**Q** 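Okay, here's the structure, questions in a sec.
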Amino acid sequence: MRVRRWFWCVAPVLLPFAASAQQARPWQATDYYKLTVVADPQLSPDGRRVAFTVTTVVEDKDKRHSELWMAATDGSSPAYRYTSPGAEASGASWSPDGSLLAFSSRREGSDDDVWFLRTGAPGGEAFQIKGVHASPTFSRDGQWLLYGWRGADPDSAKKEPWRNRVSPVAITRGPDVKRFDGRVYTSIPIVADERGFLPPRETRRPSHLYLVPLAGGDPRQLTSGELSQNGAAWSPDGKAIAFVQDSTETIEVNDQSRPELYVLNVADGAIRRLASGFTFNASPAWSPDGKTIAFICSKGRGTENDVCVIPASGGAARNLTADWPLDPGSASWSLDGKTIYIDAETRGNVHLFAVPAAGGAVRQVTTGERQLRGFARSADGRFLTYTASDVTHPVELFVAPLATPAQERRVTSFNDAPLTGIAMIPADTFWFTGVGGMRIEGWLMKPYGYQPGKSYPLVLSIHGGPHSNYGNVLFPEFQVLAGQGYWTLFTNPRGSSGYGHAFTYATRGRWGMEDYQDLMQAVDVVIGRGGVDTTRMAVLGGSYGGFMTNWVVGHTNRFRVAETDRSIFNWYSWYGSSDAQSLTDYEFFGEPWEQDSLYKFYSPMTYAARIRTPMLIVHSEDDKRTPITDGEQLFVTLRKRGIPSEFVRYPRSYHGLSRTGPPWLLVDRLERIRSWFAHWIGTGDTPPAAAGSLR
């Protein structure tokens, strides 16, 4: 259906809150409870409506609650709740004619999480379609539903739950299998972050593709075997399905995944592989004429990701972005098949880009010092929707004409009223030259209540990854620190993403070397500008940033205090208990028994005798990415040496505590960091409570 009327206005990217900084109070840890998160926008095929997920914090229940909302894209009416507030709902997808909305929701009385709503008048209650057991993808004609599923739990597993805890090939046996409530493994992996202990590998069931008519019925299984099929995409005519299958999936120990492209003929189930010549193939997307498939390609781990195209009938693949330095996220086609759209990190931002399907230069579509996510386009290709956030504004929903994205419209304003009266402190971007002439980007937030000529404490924050980044997005932790009267410095040292492949992997085999020097140079640059009390500086970071914080205090005493979050202290113990050994297998050129000197050299424990900085250690007890044993070793080491330290252990939380952990624990963490720093370096207005110096 063609859209008849649109009213666009050119406006600032994100509207400022009403209160000025002079009238507003600084951000407090508990302000986190007020934030509403908007995500996963999906435009209706005619572009008139957008469905999206809204997540809020239910403080008294210490949980998050997600619902589906709907909004008119022309601004003719305010956004409104579309699913029941009494049930969780997320992951909306439209049928091709816009008459149905599929979504995920766990509801009492149903074993399946997939529900549907009629979007036309008079609407009605959510309902299920027989045979749909997982989130589906509609065929282009809307008559078929495709999904990936591991199958129903076998009766034996339901009646004898111990089978999901004990490897069926284990040699050892106990006297009573029903009484045994432990676990028996005969292979790895054992754990995964946010999932905890995994079922033994031998009990796993691969995910296969299933097909159900829109009217419902018994699902038809399209694929089988020991390998899973993922990333399924319908061809335009509905006669074929592209998917990805990894031949290394069943191998217990391997250093290189090999997802490959396949095409399935729906009529007879015949499957053929598309030999692309690339090691890594993902996210297949059909061209509108069905003749070509775009996908994300690379030569393997540590090599550049690119956008490639390959004939659907088979043939040579072409790399469209070989000369483009950024890493694409996913690919989608324009309606005329002449352009492929991709999202990517660029510096501290995330934007949409476009590349000609026939080859040519990549151009940037959206702009601004901000991060845009969840890109979706209307069926006619005329309109674009996304969420946006910057340093001083929480995420909200936007819609724009694809041809003129600067004429965007902000669709939601969930966070405006709740955050009125709170000072949102901006960040100034600056660049400096790191070791070897590499240009490094950083951001500096002024202390709340800043007065020229006065000196303030400085806090250096170090991001995780290391192959991730900081940037132009609201980060409550930074608002809390700047709001307490600190210069708040955050940077993207070498190793960060968004600056090209060479920059991202410049730290391989050299963690804590040039990246450490980049961080220290950033501090020196800020000090050189004036207004920093160099006797009152702090450093903090999480994950890789936690490793780097431990590294920093073992190599310099310039910081008066530190906070280390879900950190690594001893690479040897980390290797045996983490769910991510492949990280150092690649970054350190092998396992500990092959690269003993590197694992020892890059363990902050090696430099523990040099540490004199008071440290707050924060760790989640269920963190399987950087297990709490490293936090325990660090704490014991510091206390044995008489270094002031506190160890905060958070239950019921995983590696993502600072971002996605239980809300109350997340807020508690922010306040503990604030109070720890206030004790040792004071605030912008008050001196530290701690007397003297340990340096």
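Keep in mind the model is a prediction, meaning the values are calculated, not measured.
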**Q** If only atom types and distance count, is the side chain of Ser645 paired as donor or acceptor with the main-chain N or O of Ile643 below 3.5 Å?
**A**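 Yes; judged by distance alone, with no hydrogens or angles, the pair exists.
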**Q** Would you say Lys600 has more than 12 foreign heavy atoms packed within less than 6.0 Å of its NZ?
**A**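 No, NZ of Lys600 has 12 or fewer neighbouring heavy atoms, counting only those of other groups under 6.0 Å.
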**Q** Does any non-hydrogen side-chain atom of Leu665 lie less than 4.5 Å from one of Leu657?
**A**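 Counting from C-beta outward, Leu657 and Leu665 do come under 4.5 Å.
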**Q** Got Thr392 and Ile425 here, is their nearest side-chain heavy-atom distance under 4.5 Å?
**A**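 SC-SC contact between Thr392 and Ile425 ruled out.
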**Q** Taking Met513's backbone N and O only, do any of them form a donor-acceptor pair with Asp515's side chain (distance below 3.5 Å, no angle check)?
**A**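 Confirmed, Asp515 side chain pairs with Met513 backbone.
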**Q** Between Asp579 and Arg625, does any side-chain N to carboxylate O distance fall below 4.0 Å?
**A**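 A salt bridge links Asp579 with Arg625.
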**Q** Do NZ/NE/NH1/NH2 and the carboxylate oxygens of Arg652 and Glu621 come within less than 4.0 Å?
**A**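 The answer is no: the pair does not qualify as a salt bridge.
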**Q** What about the rings of Tyr505 and His467, do their centers lie closer together than 6.0 Å?
**A**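 Ring centres of His467 and Tyr505 closer than 6.0 Å.
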**Q** Are any non-hydrogen side-chain atoms of Phe490 and Leu460 less than 4.5 angstrom apart?
**A**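 Heavy-atom side-chain distance check fails, nothing below 4.5 Å.
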**Q** Is it true that a side-chain atom of Arg370 and a backbone atom of Thr367 form a donor plus acceptor pair closer than 3.5 Å?
**A**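 Indeed, once roles are kept as given, a pair shorter than 3.5 Å links the two residues.
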**Q** Salt bridge or not for Asp31 and Arg25, using N-O below 4.0 Å?
**A**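 Yes, Asp31 and Arg25 are salt-bridged.
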**Q** Any side-chain donor-acceptor pair under 3.5 Å between Glu441 and Asn492?
**A**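 There is no such pair between these side chains.
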**Q** Test your reading of the model: is there a side-chain donor-acceptor pair from Ser543 to the backbone of Gly545, 3.5 Å cut-off?
**A**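 No; zero donor-acceptor contacts below 3.5 Å.
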**Q** When you compare the side chains of Ser620 and Asp622, does any donor N or O come within less than 3.5 Å of an acceptor on the partner?
**A**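 The answer is no; no qualifying pair exists.
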**Q** Scan side-chain atoms only and decide if Asn570 and Tyr575 contain a donor-acceptor pair under the 3.5 Å cut-off.
**A**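 Side-chain D/A pair, Asn570 to Tyr575: absent.
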**Q** Do the charged groups of Lys34 and Glu59 touch, with an N to O distance under 4.0 Å?
**A**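 Here Lys34 does not pair with Glu59 in a salt bridge, since their nearest N and O are not under 4.0 Å apart.
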**Q** Okay, side chain of Asn472, backbone of Asp390: is any donor-acceptor separation there less than 3.5 Å?
**A**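 No, Asn472 side chain to Asp390 backbone: no donor-acceptor pair under 3.5 Å.
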**Q** Looking at residues at least two apart in the chain, or sitting in another chain, which of them share a side chain to side chain contact (heavy atoms under 4.5 Å, CB included) with Ser658?
**A**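 With neighbours one apart ignored, the set is Arg566, Arg669.
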**Q** Does either side chain, that of Asn349 or that of Thr346, offer a donor lying less than 3.5 Å from an acceptor on the other one?
**A**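 No, no side-chain donor-acceptor pair sits under 3.5 Å.
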**Q** When you check the side-chain N and O atoms of Ser603 and Trp571, is any donor under 3.5 Å from an acceptor?
**A**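 Side-chain D/A pair, Ser603 to Trp571: absent.
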**Q** Go through Phe478 and Tyr470 one step at a time and tell me if the ring-ring contact (aromatic ring centres under 6.0 Å, His included) criterion holds.
**A** CA-CA 11 Å; Phe478 294 166; Tyr470 278 148; 5.1 Å; yes
**Q** Whether Lys454 and Asp685 form a salt bridge (side-chain N of Lys/Arg under 4.0 Å from carboxylate O of Asp/Glu) is what I want to check.
**A**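 So Asp685 pairs with Lys454 through a salt bridge.
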**Q** Assess the side chains of Glu408 and Tyr386: does a donor N or O sit below 3.5 Å from an acceptor N or O?
**A**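 Yes, side-chain donor-acceptor contact under 3.5 Å.
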**Q** Mind checking whether Tyr456 and Trp487 have parallel, tilted or perpendicular rings, split at 30° and 60°?
**A**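 Tyr456 vs Trp487 ring planes: perpendicular.
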**Q** Does the separation of the ring centres of Trp551 and Tyr607 fall below 6.0 angstrom?
**A**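 They qualify: ring centres under 6.0 Å apart.
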**Q** Would you call Pro493 and His463 a side-chain contact if the rule is heavy atoms closer than 4.5 Å?
**A**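 Pro493 reaches His463 side chain to side chain.
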**Q** Kindly indicate whether the side chain of Leu481, heavy atoms from C-beta on, has any atom under 4.5 Å from the side chain of Arg674.
**A**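 In short, these two side chains do not touch, never coming nearer than 4.5 Å.
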**Q** Give a yes or no answer on whether the side chain of Asp623 reaches the backbone of Ile628 with a donor-acceptor pair at less than 3.5 Å.
**A**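 Such a contact is absent between Asp623 side chain and Ile628 backbone.
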**Q** Angle between ring planes, Tyr499 versus Trp431, binned at 30° and 60°: parallel, tilted or perpendicular?
**A**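 If you compare the ring of Tyr499 with that of Trp431, the planes turn out perpendicular.
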**Q** Between the side chain of Arg536 and the main-chain N/O of Thr683, is any donor-acceptor distance below 3.5 Å?
**A**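 Yes, the answer is positive, given that a donor and an acceptor are paired below the 3.5 Å cut-off.
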**Q** Check step by step if ring-ring contact (aromatic ring centres under 6.0 Å, His included) holds for Tyr602 and Trp511.
**A** CA-CA 7 Å; Tyr602 290 126; Trp511 287 29; 8.1 Å; no
**Q** Around atom CZ of Arg195, are there more than 12 heavy atoms from other residues, nucleotides or ligands closer than 6.0 Å?
**A**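 Incorrect, the count does not exceed 12.
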**Q** Just grab all the ring pair (Phe, Tyr, Trp, His ring centres under 6.0 Å) pairs involving residues 619-639, residues at least two apart or on different chains.
**A**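 Pairs touching residues 619-639 that pass the test: Phe635-Phe647.
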**Q** Over all heavy atoms of both residues, which pair between Val553 and Ala562 is shortest? Give the atoms and the distance, please.
**A**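 Of all heavy-atom pairs spanning Val553 and Ala562, the closest is CG1-CB, 3.9 Å.
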**Q** Of Thr55, Leu35, Val37, which meets side-chain contact (heavy atoms from CB on, under 4.5 Å) against Val395?
**A**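 In the set Thr55, Leu35, Val37, the residue that makes a side-chain contact (heavy atoms from CB on, under 4.5 Å) with Val395 is Val37.
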**Q** I'd like to know whether Phe414 forms a ring-ring contact (aromatic ring centres under 6.0 Å, His included) with Trp69, so could you lay out the CA-CA distance, the side-chain angles of the two residues, the decisive distance to 0.1 Å, and finally the verdict.
**A** CA-CA 12 Å; Phe414 288 103; Trp69 282 57; 5.0 Å; yes
**Q** Within a strict 4.5 Å, meaning less than it, do heavy atoms of the Tyr33 and Thr56 side chains meet?
**A**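 With C-beta onward as the side chain, the pair stays apart.
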**Q** Strictly by modelled atom types, are Glu194 and His655 linked by a side-chain donor-acceptor pair under 3.5 Å?
**A**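 Checked: Glu194/His655 side chains show no N/O donor-acceptor pair below 3.5 Å.
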**Q** Looking at Thr387 and Arg373, would you say the former's side chain and the latter's main chain have a donor-acceptor pair under 3.5 Å?
**A**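 Yes; judged by distance alone, with no hydrogens or angles, the pair exists.
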**Q** In terms of side-chain heavy atoms, does Glu396 have a donor or acceptor partner in Thr412 at a distance below 3.5 Å?
**A**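 Note: Glu396 and Thr412 side chains meet the donor-acceptor criterion.
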**Q** Using a distance-only test with no angle check, is there a side-chain donor-acceptor pair under 3.5 angstrom linking Gln371 and Ser389?
**A**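 No donor-acceptor contact under 3.5 Å links the two side chains.
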**Q** Does Gly661 offer a backbone N or O that forms a donor-acceptor pair with the side chain of Arg64 under 3.5 Å?
**A**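 At least one qualifying donor-acceptor pair exists.
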**Q** May I ask you to check whether Glu514 and Thr507 show a side-chain donor-acceptor distance below 3.5 Å?
**A**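 No, no side-chain donor-acceptor pair sits under 3.5 Å.
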**Q** Could you tell me the separation between the CG atom of Leu598 and the CZ atom of Phe601, rounded to the nearest 0.5 Å?
**A**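 Between atom CG of Leu598 and atom CZ of Phe601 there are 8.5 Å.
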**Q** Counting C-beta onward and ignoring hydrogens, is there a side-chain heavy-atom pair between Val54 and Thr36 closer than 4.5 Å?
**A**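 The answer is yes; the side chains approach within 4.5 Å.
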**Q** State, to 0.1 Å, how close Leu397 and Pro41 come at their nearest heavy-atom pair, and which atoms those are.
**A**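 Taking every non-hydrogen atom into account, CD1-CB, 3.4 Å.
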**Q** Does the side chain of Tyr654 come within less than 4.5 Å of Thr660's, by heavy atoms?
**A**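 The answer is no; the side chains never approach within 4.5 Å.
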**Q** Using every non-hydrogen atom in the two residues, find where Ser468 and Gly464 come nearest and quote the distance to one decimal.
**A**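 Reported closest heavy-atom pair: OG-O, 2.6 Å.
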**Q** Just by distance, with hydrogens left out, do Ser330 and Asp343 show a side-chain donor and acceptor under 3.5 Å apart?
**A**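 Their side chains do contain a donor-acceptor pair, which is all the 3.5 Å distance test asks for.
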**Q** Using modelled atom types only, decide if a donor and an acceptor are shared between the side chain of Thr686 and the backbone of Gly682 within a distance under 3.5 Å.
**A**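 Such a contact is absent between Thr686 side chain and Gly682 backbone.
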